[in-house]
Amino acid sequence: MNLEKINDKANKKLKKVVKSIWVFNWFNSCGFTEILPVVGSRWDMERFGLIPVPSPRQADCLIIAGYQTMKSIKRAKLIYEQMSSPKIVIALGSCPVSGGMYWDSYNTIKRLKDYLPVDLYIPGCPPRPEAIFDGISKLIQKSTN
Amino acid sequence: MFNLILKLLIMLAVIFGSVILGLLFKGIDRILSAKMQKRVGPPLLQPFYDLKKLMVKESIIPRQAPKWIFELSPLISLAVSILLLFYIPIAGKSILGNSGDLILIIYLFIIPGLGLVLGAFSSNSPYANLGSQRLVINMIGYEFPLAVVSLVPVWLIYKNGFSNIFSLSTIYAHNIWGLIGPLGIIGLLIESAVIFIVIAGELSKTPFDVEAADSEIAGGALAEYSGRNLAMFYIADAVKTLAMASLFIALFFPWNIQSNFGVMFLIYFLKLFLIIFVSLTLIRTITSRFKISRLTRTYWGYITLFAVIGFLFTL
């Protein structure tokens with residue numbers, strides 16, 4: 001019952017932004033290399049209403065690409081706090097899921113979920129543009145159901 | 001009394017109509033720009049979706065910002081942008097046409113930008129401060145060629161001995177392309193080319209978007225705005241585009257078929273589309289941003305030079 005309520009609330013949140021998601025990118029590693037073609041002419045994310053915005057205040061969606069270090073997670077949290085609600089977080093790549101290839105490093109974040117409320121994981125090393133679109137279509141489906 | 005109510009109803013229609021038309025043109029602009037870059041582009045109604053989303057989002061007011069200035073400035077921008085359309089003839093008719101003239105309109109065009117500057121300075125963000133300083137430089141830049149270009153029809157009307165020369169309805173009633181010889185036509189063509197660049201500068205679109213340089217200063221003047229306040233700036237930008245294009249239709253391209261309002265509006269719509277397509281979409285897509293140091297030189301040097309040369313041809 002309680003879980004349903006939480007899901008319902010999350011879906012309502014998603015439904016408001018899902019037709020025009022403005023994206024703020026936060027990246028300090030290789031996870032971003034495959035999101036550049038998504039912006040460009042081949043995959044063109046603008047056809048789904050997604051555009052990159054320069055300021056976190058205007059953003060609905062925070063894309064965190066690749067591993068976060070102990071230092072950079074502080075900035076990521078700061079950006080998340082600056083965004084206006086409703087807001088969603090997408091974690092790109094294997095590193096935010098489990099640490100990825102940096103699983104035994106002394107200063108990377110192993111599970112992003114411990115620090116930020118992640119709505120969607122897109123695993124991959126780095127994820128292909130198709131995977132990113134697949135993830136976003138899942139978001140849209142989840143909000144309409 | 002009846003006339004007053006009718007006028008108010010027309011004003012209401014202009015307010016809603018201009019917002020819808022402005023957002024529609026924004027959608028068309030985005031699709032055409034995407035097509036030119038070999039992309040598919042967003043749906044036509046994407047600006048409406050954006051607006052709907054912005055309206056339900058939380059609007060954050062920075063802690064150190066004075067709340068009333070921060071919330072008032074988008075209202076000023078939006079209100080003055082719509083007010084402009086009351087003075088400018090739309091398809092040959094303007095609501096307050098007899099009470100305002102060209103000089104008033106040129107001054108009013110500064111106010112939406114100044115509202116943005118005010119809000120940005122009050123937001124207390126370094127990015128917004130830098131952005132609004134750049135916006136002021138941009139405004140100083142485009143005012144000079146804009147003034148020279150706007151003087152050309154006034155001069156032509158004056159030379160041909162009409163009275164009430166600064167009134168827009170007088171300028172609209174007399175087609176200036178018919179008042180001059182072949183040398184003057186060349187001058188007017190040069191002025192038309194300058195106009196398209198000045199519109200791009202006035203609306204601070206690429207290559208003149210130094211104030212909102214996304215990759216340098218994080219959105220510039222709009223850096224701290226979100227939610228409802230951002231939505232108001234979004235609409236103000238769309239309506240100002242319409243107003244700017246309508247002003248230059250009234251000044252330079254007033255041809256129309258004397259028919260019923262529907263046909264005249266259709267022709268007006270086509271002219272709007274043409275002007276917005278060239279001055280926003282085309283220039284925006286094929287150029288990249290000016291350096292801030294080259295901006296003023298471009299405006300006061302090359303563009304003003306062309307405007308003055310065109311003016312000399314029409315003397």
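Just so it is clear, the values below take in all heavy atoms, side chains as well, and ignore hydrogens, waters and symmetry mates. Letters go in sequence order (proteins before strands), and every chain restarts at 1.
Of the two parts of B/Tyr127, neither the backbone nor the side chain holds a non-hydrogen atom closer than 4.5 Å to a non-hydrogen atom of chain A. Interface residue B/Tyr234: only side-chain heavy atoms are found under 4.5 Å from chain A. Proximity to chain A (any heavy atom under 4.5 Å) is shown, for B/Leu222, by both the backbone and the side chain. Contact annotation for B/Glu224: both backbone and side-chain heavy atoms come within less than 4.5 Å of a heavy atom of chain A. For chain B, no part of A/Met45 is nearby; none of its heavy atoms comes within less than 4.5 Å.
Around the CZ atom of B/Arg228, the shell of radius 6.0 Å holds no more than 12 heavy atoms that belong to other residues, nucleotides or ligands. Under a cut-off of 6.0 angstrom, the local environment of NZ in A/Lys19 is sparse, with at most 12 non-hydrogen atoms contributed by other residues, nucleotides or ligands. By the 6.0 Å contact criterion, CE on A/Met101 is open, its count of non-hydrogen atoms from other residues, nucleotides or ligands being 12 or less.
Both the sub-6.0 Å distance and the 45° axial angle are satisfied by B/Lys53 relative to the ring of A/Trp22.
Note that the CG atom of B/Asn229 and the CZ atom of A/Arg57 stand 12.0 Å from one another [nearest 0.5 Å].
Proximity of a side-chain donor or acceptor of B/Asp50 to a complementary backbone N or O of A/Ser20 within less than 3.5 Å is not detected.
For the pair B/Glu58 and A/Ser84, the tightest heavy-atom approach, listed with the atom from each and the gap, is O-CB, 3.2 Å. Closest approach of A/Ala59 to B/Lys57, counting heavy atoms only: O-NZ, 2.9 Å. Residues A/Asp44 and B/Val40 approach most closely at OD2-N, 3.1 Å, considering heavy atoms.
B/Arg39 places a side-chain heavy atom less than 4.5 Å from the side chain of A/Glu46. The closest side-chain heavy-atom distance from A/Ile51 to B/Arg30 is below 4.5 Å.
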